[in-house]
Amino acid sequence: EDGYYGLTSGGLDTGGRSMVLRSAGGPANCIIDGQERGVSVIKSTNGENVVIDGFTITGGKTGKGAGIHVSGANLTVLNCVIEGNHGLDQGGGLYCDGGTLAIQNCQIRGNQATGSQGEGGGIALFGCDTTISDCVLDGNTVRGITTARGHGGGLYAEGGTLSLSGTTFTNNVAGPD
């Protein structure tokens with residue numbers, strides 16, 4: 001059912017199960033808010049196949065993947081708005097370490113990665129096979145760099161494969177405070 005869902009004790013963890021999560025009315029009508037409680041809003045691991053379709057994902061705050069954290073899973077993100085998440089190291093909006101990731105028709109905006117590693121304010125990819133199509137990455141930042149790192153205000157990719165089509169990058173910034 002559509003509505004506002006404020007997480008009170010932990011994020012939504014798919015728990016090793018394959019599933020499809022789909023809102024009825026799209027991201028303007030179905031919001032999942034991590035309320036900056038020190039968790040990823042959505043976490044997908046352990047080889048499962050997960051589809052997330054039509055949500056606003058906001059308010060995540062954790063070390064890696066504050067909005068969405070993917071590790072060794074196969075994730076498809078469709079028609080979502082991922083905004084206002086704070087990764088304390090990598091992947092403010094979305095973090096992927098291994099597995100496959102497809103992102104289509106999404107807005108990834110106003111996310112940030114801060115701290116000593118500071119990579120991928122919008123998206124951070126590590127050894128992840130990724131396709132991004134028809135998306136907008138806008139206003140994502142990497143700040144507070146204390147080491148030689150600090151890359152990819154909108155997108156940082158290391159290892160794996162990356163295919164981009166019809167995707168726009170605007171107003172993304174990486175650098176020291």
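When a residue number appears, it is its place in the shown sequence, counting from 1.
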- Side-chain H-bond candidate by donor/acceptor type, N105 with D134, under 3.5 Å: no
- Message: Working to the nearest 0.5 angstrom, can you tell me the gap between L164 CG and F169 CZ?
- Response: 5.0 Å
- Message: Please check: side-chain N/O of T58 versus main-chain N/O of D33, any donor-acceptor pairing under 3.5 Å?
- Response: no
- Message: Suppose the criterion is side-chain hydrogen bond (donor to acceptor under 3.5 Å, both in side chains): which pairs have a residue in residues 68-77, not counting sequence neighbours?
- Response: N49-N74, N74-T100
- Could I get the full list of side chain to side chain contact (heavy atoms under 4.5 Å, CB included) partners for R109, not counting sequence neighbours? V81, E83, Q107, D138
- Are any non-hydrogen side-chain atoms of V77 and I68 less than 4.5 angstrom apart? yes
- Any residue meeting salt bridge (Lys or Arg N to Asp or Glu O under 4.0 Å) with R17, in chain and number order, not counting sequence neighbours: none
- Applying side-chain hydrogen bond (donor to acceptor under 3.5 Å, both in side chains) to N140 and not counting sequence neighbours gives N111, N172
- Item | Pairs where residues 159-168 contributes a residue and the test side-chain hydrogen bond (donor to acceptor under 3.5 Å, both in side chains) is met, not counting sequence neighbours | D129-T161
- Linking directly or through intermediates, with side-chain heavy atoms under 4.5 Å: list the remaining ILVMFWY members grouped with V173, chain and number order. none
- Give a yes or no answer on whether the side chain of N85 reaches the backbone of G60 with a donor-acceptor pair at less than 3.5 Å. yes
- May I ask you to list the residues sharing a hydrophobic cluster with I31, side-chain cutoff 4.5 Å, ordered by chain and number? Y4
- Task: If you link ILVMFWY side chains whenever their heavy atoms are less than 4.5 Å apart, which other residues fall into the same cluster as V51? By chain and number, please.
- Result: V20, L78
- Task: Go through the steps for K61 and L88 under the test side chain to side chain contact (heavy atoms under 4.5 Å, CB included), then give the verdict.
- Result: CA-CA 7 Å; K61 185 174 184 179; L88 301 175; 4.0 Å; yes
- Task: Could you list the residues that satisfy side-chain hydrogen bond (donor to acceptor under 3.5 Å, both in side chains) with D13, not counting sequence neighbours?
- Result: none
- Looking at residues at least two apart in the chain, or sitting in another chain, which of them share a disulfide bond (SG atoms under 2.5 Å apart) with C96? C128
- Tell me, which pairs form a disulfide bond (SG atoms under 2.5 Å apart) where one or both residues lie in residues 7-39, sequence neighbours left out? none
- Quick check: does any side chain N or O of T131 sit under 3.5 Å from a backbone N or O of A102, one acting as donor and the other as acceptor? no
- T14: side-chain hydrogen bond (donor to acceptor under 3.5 Å, both in side chains) partners, not counting sequence neighbours: E48
- Query: Judged by atom type as modelled, is there a donor-acceptor pair below 3.5 Å linking the side chain of R37 to the main-chain atoms of L7?
  - Reply: yes
- Hey, is the main chain of K43 close enough, under 3.5 Å, to the side chain of S40 for a donor-acceptor pair? no
- Task: For E119 and Y156, indicate whether the former's side chain and the latter's backbone hold a donor-acceptor pair under 3.5 Å.
- Result: no
- Message: Can you tell me how far apart CG (L162) and OG1 (T130) are? Round to the nearest 0.5 Å.
- Response: 6.0 Å
